[in-house]
Amino acid sequence: MPDSAGTTAHGPPRSRSRSPLLVAGAVAVALPGVVMSVVGLSVSPPVDALLYGLAIVGAAFLLSWAAEAAQVDISAGLAIALLALVAVLPEYAVDFVFTIQGGNAYALHGPTCLPPGSTEQSPCGLALANMTGANRILVGIGWALVVLLAAIRLRRDSSRGRDAHGDGGTTHRPGHSTRVTLSRTDSVPLVFLLLATLYSLTLPLRVSITLVDTVVLVGIFVAYSIRVARAPAEEPELIGPSAWVGEKEATPRRAWYIGLFVLAAAVILLCAEHFADSLVETGTELGISQFFLVQWVAPFASEAPELLVAGLYAWRLKTTDALATLVSSKVNQWSLLVGTLPIVFALAAGSLHGLPIDIEQREELLLTATQSLFAVALLVTLSITVKGALSLVGLFALQFVLAAMLSGPAQDLELLVISAIYVVLAIALFVRSRRSLVTLVRDGLRTPYAELTRESR
């Protein structure tokens with residue numbers, strides 16, 4: 001159904017008929033956490049963490065649907081950037097809570113962020129743990145998920161005698177590996193991700209992340225936003241609740257997605273701090289590492305909707321959109337999120353010395369930065385195969401396997417070894433595809449969007 005602007009929101013009628021129920025379901029999932037926050041109710045740390053985590057998941061779905069529906073009213077490139085930014089807002093909220101707690105601890109106890117003799121996990125370290133975990137999950141699981149789901153779907157269709165083809169970004173031939181291909185316009189986020197990654201490789205050499213890093217990383221994000229804002233408008237392809245909202249006339253459509261934005265933001269503001277506190281208390285009560293819970297459980301809760309939506313797009317073989325959104329999300333998290341942490345920390349700590357980085361966090365930052373470098377290298381030709389996806393998820397899983405097998409100093413060494421593997425593989429890929437790298441950088445930074453879009457079509 002065309003709207004007043006002449007655009008069309010796509011989606012199966014049956015799916016759209018269930019959309020109001022899906023929106024209501026997301027609100028219902030978030031409601032217990034909101035009520036607990038408002039009335040000050042607490043059951044037990046594990047139950048509290050579960051309910052507040054579900055509230056954030058529900059809010060993240062609402063944000064995702066609102067951002068997708070907003071694509072009807074803005075340019076294609078800016079829409080992808082906005083969708084990616086909004087989708088990770090729950091991650092920002094949770095990480096900011098840990099950063100504020102770290103800043104308060106720094107104001108009381110100095111660079112250690114802990115009282116003398118304490119054996120607890122440093123609150124400053126938890127802020128970085130949440131950020132590094134979120135970034136590694138997004139690449140190690142999210143990017144790989146898109147390719148692997150598309151491969152499974154294509155092979156299934158092929159075995160049943162159906163046409164095995166995707167949206168133009170997915171190809172499969174018998175005897176060959178499934179390949180997901182990005183459009184030429186996706187050179188833009190990849191190049192800015194490369195810039196942020198190259199700069200982030202210097203962070204493990206520091207004792208703190210400072211406002212100087214803020215200037216550089218936020219500057220990269222601003223330059224990226226200006227660049228993608230020049231992309232021409234295109235008709236969005238929406239499914240589910242986003243299609244249900246997007247097909248409405250202009251005024252009610254905007255009222256709906258703005259209302260969903262506001263509702264989701266309210267839920268996140270009410271529940272993010274309680275979720276963070278409950279997660280830390282759960283670790284203490286159950287004897288589980290606080291670092292583990294903050295680095296892996298919290299990001300899964302905040303990014304689950306984004307991964308689910310990407311997976312649904314991949315299963316429907318809309319792989320270019322799915323992977324492009326996840327790439328843009330990585331740009332946001334690796335530039336704007338990291339860059340804003342020193343600002344939040346400085347306001348909480350009342351100090352300009354920067355967010356402290358201990359030895360453990362330097363290793364985590366190094367692993368996260370080198371994983372990002374390898375991920376960009378895999379996509380330097382604007383395509384990725386099942387083999388590349390398996391290498392992403394395999395190396396991501398390897399850290400957990402080795403951590404379970406090793407102890408003491410050997411656990412620290414395994415992070416350095418995996419980081420070295422990432423670097424060696426990335427350099428090999430860049431050298432092998434050096435001509436594609438030159439083209440990628442030129443297209444990402446200089447080629448007019450009109451030319452990028454024309455050749456993509």
Side-chain angles (χ1 to χ4, degrees), residues 37 40 42 45-46 48-49 52 91-135 200 202-215 217-218 269 271-299 302 337-369 403 408-409 411-412 415:
S37 175
S42 176
D48 293 350
Y52 286 126
E91 174 60 36
Y92 279 63
V94 174
D95 211 355
F96 284 174
V97 169
F98 286 116
T99 305
I100 291 170
Q101 293 175 347
N104 293 335
Y106 183 95
L108 291 174
H109 308 297
T112 64
C113 300
L114 286 171
S118 175
T119 58
E120 295 182 359
Q121 179 67 48
S122 165
C124 297
L126 292 179
L128 291 174
N130 192 63
M131 180 273 293
T132 54
N135 274 279
S200 70
T202 69
L203 297 181
L205 306 176
R206 320 281 189 79
V207 296
S208 64
I209 302 178
T210 68
L211 294 177
V212 174
D213 303 310
T214 295
V215 172
L217 292 171
V218 174
L269 288 175
C271 297
E273 183 174 3
H274 295 295
F275 175 59
D277 292 339
S278 299
L279 208 58
V280 173
E281 292 171 7
T282 297
T284 302
E285 181 174 302
L286 301 181
I288 302 174
S289 168
Q290 295 177 355
F291 184 89
F292 178 84
L293 291 175
V294 170
Q295 186 172 40
W296 302 118
V297 176
S302 57
L337 175 58
V338 181
T340 50
L341 291 183
I343 299 176
V344 176
F345 181 84
L347 294 174
S351 170
L352 298 179
H353 285 90
L355 177 60
I357 308 174
D358 58 26
I359 294 177
E360 184 178 17
Q361 294 308 319
R362 288 189 196 121
E363 295 168 352
E364 296 289 345
L365 282 169
L366 177 63
L367 182 59
T368 308
Q411 283 188 331
D412 298 329
L415 296 182

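Values below: all heavy atoms of this structure, side chains included; hydrogens, waters and symmetry mates excluded. Since this is a predicted model, take the numbers as computed values, not measurements.
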Margin query: Let's go through Leu341 and Tyr92 carefully: what are the C-alpha distance in whole Å and the side-chain angles of both, what is the deciding distance for side-chain contact (heavy atoms from CB on, under 4.5 Å) to 0.1 Å, and is it a yes or a no?
Written below: CA-CA 9 Å; Leu341 291 183; Tyr92 279 63; over 6 Å; no
Residues Thr210 and His353: closest non-hydrogen pair is CG2-O, 4.0 Å
Side chain proximity check, Leu114 to Pro123, heavy atoms < 4.5 angstrom: yes
- Item | Within-4.5 Å side-chain heavy-atom neighbours: Ser200 and Val338 | no
| Quick check: does any side chain N or O of Thr214 sit under 3.5 Å from a backbone N or O of Thr340, one acting as donor and the other as acceptor? | no
**Prompt:** Between Ser122 (side chain) and Cys124 (backbone), is there a donor-acceptor pair under 3.5 Å?
**Reply:** yes
Of all heavy-atom pairs linking Phe345 and Pro356, the shortest is CZ-CD, 3.5 Å
Rounded to the nearest 0.5 Å, the CG atom of Asn135 sits from the CG atom of Leu367 at a distance of 11.0 Å
Tyr52 meets the ring pair (Phe, Tyr, Trp, His ring centres under 6.0 Å) criterion, sequence neighbours left out, with His274
**Request:** Determine whether Leu347 and Ile343 make a side-chain contact, defined as any pair of heavy atoms from C-beta on separated by less than 4.5 Å.
**Result:** yes
Output for pair (Thr202 OG1, Leu366 CG), nearest 0.5 Å, gives 11.5 Å
Distance col, row Asp358:CG vs Glu364:CD, nearest 0.5 angstrom, shows 9.5 Å
**Study point:** Any side-chain heavy-atom pair of Phe98 and Val280 under 4.5 Å
**Key:** yes
Between Gln361 and Ala129, the two heavy atoms sitting closest are OE1-N, 3.7 Å
- Query: Any side-chain heavy atom of Thr99 within less than 4.5 Å of one from Met131?
  - Reply: no
Side-chain touch Ile209/Leu128, heavy atoms, less than 4.5 angstrom: yes
Nearest heavy-atom contact between Asn130 and Ala298 is OD1-CB, 3.4 Å
| query | Taking everything shown except His109 itself, do over 12 heavy atoms lie less than 6.0 Å from its NE2? | reply | yes
request  = Taking the side chain as every heavy atom from C-beta outward, state whether Gln290 and Leu293 have any pair of such atoms under 4.5 Å apart.
outcome  = no
Output for pair (Leu415 CG, Leu365 CG), nearest 0.5 Å, gives 11.0 Å
| Do any N or O atoms from the side chain of Thr132 and from the backbone of Thr368 form a donor-acceptor pair under 3.5 angstrom? | no
Checklist entry - In terms of heavy-atom contacts, does CD of Glu273 have more than 12 from other residues, nucleotides or ligands at under 6.0 Å? => result no
Nearest heavy-atom contact between Asp213 and Ser208 is OD2-O, 4.1 Å
So do Ile359 and Arg362 actually touch side chain to side chain, heavy atoms under 4.5 Å? yes
Tightest non-hydrogen contact, residues Leu211 and Leu352, listed as CD1-CD2, 3.7 Å
